[in-house]
Every structure is written in structure tokens, then in C-alpha cells.
Amino acid sequence: MNGISFAEYIRSRKLTLAGYDLKSTDLKVIDISYKYGYASPTSFAKAFQLFHGVSPREARNRKVVLKVVPKMQISERSEYSWKLEKKAGFRLVGKSIMVSRENNLHYKKIPEFWNDCQRNGLFAKLVSMDTAAPKGIFGLFNTYDERLNEIEYSIMTISDQAAPQGFTEINIPNATWAIFDCRGSVPQAIQKGWRYLNEEWLVKYPFPHAQCPEIEWYSSGNIYDSSYLSQIWIPIIGEE
């Protein structure tokens, strides 16, 4: 149903989890190879290279992108790539709203907010103010009100221009990010990415969360294209 054999799925899952271990622990390659059932470090290294495109030793570099095959959903096959990247601080300008998370209402309200911004000219204004390279628009998950079960969501861009009346600005400090590529039209691709993170990566990955907003980044281009790139940035406390 998913276009993948059972053996290939098991192998892909093992190598996905091995990638987690290499980036987040000090386990030796030989120990990781035995942990995931390989007869020797050599056979593990060959399989890892074929799957991720890099050697186990190279995978420990924070900027190296690793491949992810998440837990399989019935009739739905997904793959992600991710990397750790330390970024200098940046300034964002844009608009914010409070969104209820009751019954996953934010999955509906956030796309509606984007549609409203496109209709009222805010999106075009942000595009004209964008001074980043590469250019793109950000979605931020800011303050969470536990009592009301509401979260502040912002649509913003990197800009060195003064914030127009009614706009807010946020300064993001220097931080290390786990960055996940999501391919496909939005909002479906980004929502599937969040589902994968919430069901697997955020549960298994041992890096603690840094004091920064979680971020969505949307590249310039056709958002309905099957190869359109959006990203999810998770701020982590990584080793220097």
C-alpha cells in the first residue's frame, strides 16, 4: 500500500534511529552498529552511507543533513531530511494573533490567518520588506497561555526597516536549530511535518528545548508545487 517492502521499511527505520543516536549521543559507532543488529561496524557504515549519503563519522557534524523515514501511516509514505545549524540572531517584523488549541482548532485557524493576510495586503507588504537571503516568510509559535489553551502565532519576515504602525517586532537571539525540510504544497506539507515531530522526533530526540519560539519558514515560490520547500525550526540547547 505504501510502495515499500517490509524489509526496506525496517532497514530505513533502523538507520533513521541510528542517525538520531550519532547526532545526540556519545555512543561509539561500533556500539550503535550492534544496537541496530548489524554484524560489524563495516556493514553498518556501508548501509548508513547508502541511506544517508554520508558516513557515520561525518553524520556527527551538526550541519550534515540526515534522512528520516518516520513511523509509517496507513496509505501515507513520508520522508524528511534534517540538520543542526547554529544561526546568528535576527529581527522579525509582522503581525500576531492568539489561536485556540482546543480540539486542534489551530490547524484550521492558522491557515485562515494566512489567507486573511494575503487578501488584506499584509503578505505583499511583508514580501516587500524582506531583507533576508534567501528570502522567505516566517510563522512563529510564541507565548502559550496554558489557562486558556491559546497560543500566539505570528506571520513575519526578516527586515531592517522600521516596523509600520500596528506591526510587532521580535528579536531572535543566537541559537542552534534542528531544521526539518518539508516538501509539498502547504499547509498540508507543514502540518504533516509537525505531526511527525510531535509523534516521534520531539519524543525521542534528547536535546532540550531552548528559550526561543518554534518557527516555520516558507521559501519564495509556488506554494502549491509538489516540490515546494518549507521548513520547521526547533530551537535546541546543543553542545558548543
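These numbers come from the heavy atoms of this one structure, side chains and all, not from hydrogens, waters or symmetry mates.
- Contact annotation: the side chain of Arg183 approaches that of Leu229 to within less than 4.5 Å [non-hydrogen atoms, C-beta and beyond].
- The closest donor-acceptor contact from the side chain of Lys95 to the backbone of Gly166 lies under 3.5 Å.
- Criterion: ILVMFWY side-chain heavy atoms under 4.5 Å apart, direct or through other members. Under it, Ile158 and Met156 are part of a common hydrophobic cluster.
- With hydrogens and angles disregarded, a donor-acceptor distance shorter than 3.5 Å links the side chain of Arg91 to the backbone of Ser159.
- Grouping the Ile, Leu, Val, Met, Phe, Trp and Tyr side chains by contacts below 4.5 angstrom, directly or via other members, places Trp177 apart from Leu197.
- The two residues Lys135 and Asp130 come nearest to each other via the heavy atoms NZ-O, 2.8 Å.
- For the side chain to side chain contact (heavy atoms under 4.5 Å, CB included) criterion with Arg13, the lone passing option out of Ile10, Leu17, Leu15 is Leu17.
- Checking side-chain atoms of Asp225 against main-chain N and O of Ser227 turns up a donor-acceptor pair under 3.5 Å.
- Counting only distance, with no hydrogens or angles, the side chain of Asp181 and the backbone of Gln231 share no donor-acceptor pair below 3.5 Å.
- In this structure, CD on Glu58 lies 12.5 Å from NE2 on His52, to the nearest 0.5 angstrom.
- Of the inter-residue distances, the one linking Ser154 atom OG with Glu169 atom CD reads 12.5 Å to the nearest 0.5 angstrom.
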Are Trp217 and Ile179 close enough, and set up right, to give a side-chain contact (heavy atoms from CB on, under 4.5 Å), and what steps lead you there? CA-CA 10 Å; Trp217 179 77; Ile179 299 178; over 6 Å; no

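- Tyr228 is connected to Ile110 through a chain of hydrophobic side-chain contacts under 4.5 Å among Ile, Leu, Val, Met, Phe, Trp and Tyr, so both are in one cluster.
- The CZ atom of Phe123 sits 8.5 Å away from the CD1 atom of Ile155 when rounded to the nearest 0.5 Å.
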Output, in order, the C-alpha distance, side-chain angles, deciding distance and verdict of side-chain contact (heavy atoms from CB on, under 4.5 Å) for Val54 and Leu66. CA-CA 8 Å; Val54 296; Leu66 295 184; 3.9 Å; yes

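- Within the 6.0 Å centre-distance limit, the rings of Phe141 and Trp194 are counted as a close aromatic pair.
- Glu216 has its side chain within reach of Tyr153: a pair of non-hydrogen atoms, C-beta onward, lies under 4.5 Å apart.
- Under 3.5 Å, the side chains of Trp233 and Glu85 contain no donor-acceptor pair of N or O atoms.
- Between atom NZ of residue Lys14 and atom CD1 of residue Ile32 there is a gap of 14.5 Å, rounded to the nearest 0.5 Å.
- Remark: the backbone N or O of Val69 is paired with a side-chain donor or acceptor of Thr16 at under 3.5 angstrom.
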Determine whether Ile234 and His209 satisfy the following criterion, side-chain contact (heavy atoms from CB on, under 4.5 Å), listing intermediate values before the conclusion. CA-CA 8 Å; Ile234 304 295; His209 198 291; 4.3 Å; yes

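- Ion pair Arg11/Glu8 not flagged as a salt bridge, since none of the NZ, NE, NH1 or NH2 atoms sits closer than 4.0 Å to an Asp/Glu carboxylate oxygen.
- For the pair Ser43 and Ser33, the minimum side-chain heavy-atom distance is 4.5 Å or more.
- Note on Leu27: it clusters hydrophobically with Val29, by side-chain heavy-atom contacts below 4.5 Å among ILVMFWY residues.
- Residues Ile215 and Tyr144 are members of separate hydrophobic clusters, defined by side-chain heavy-atom contacts under 4.5 angstrom among Ile, Leu, Val, Met, Phe, Trp and Tyr.
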As a quick check of understanding, evaluate ring-ring contact (aromatic ring centres under 6.0 Å, His included) for Tyr38 and Phe48, giving each step before the final call. CA-CA 11 Å; Tyr38 286 86; Phe48 193 92; 9.5 Å; no

Let's go through Ile232 and Trp82 carefully: what are the C-alpha distance in whole Å and the side-chain angles of both, what is the deciding distance for side-chain contact (heavy atoms from CB on, under 4.5 Å) to 0.1 Å, and is it a yes or a no? CA-CA 9 Å; Ile232 298 172; Trp82 69 289; over 6 Å; no

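- We find the OG-CD1 distance between Ser230 and Ile137 to be 13.5 Å, quoted to the nearest 0.5 Å.
- The distance from atom CD1 of Ile97 to atom SG of Cys117, rounded to the nearest 0.5 Å, is 7.5 Å.
- Of all heavy-atom pairs spanning Leu22 and Arg60, the tightest one is O-NE, 3.0 Å.
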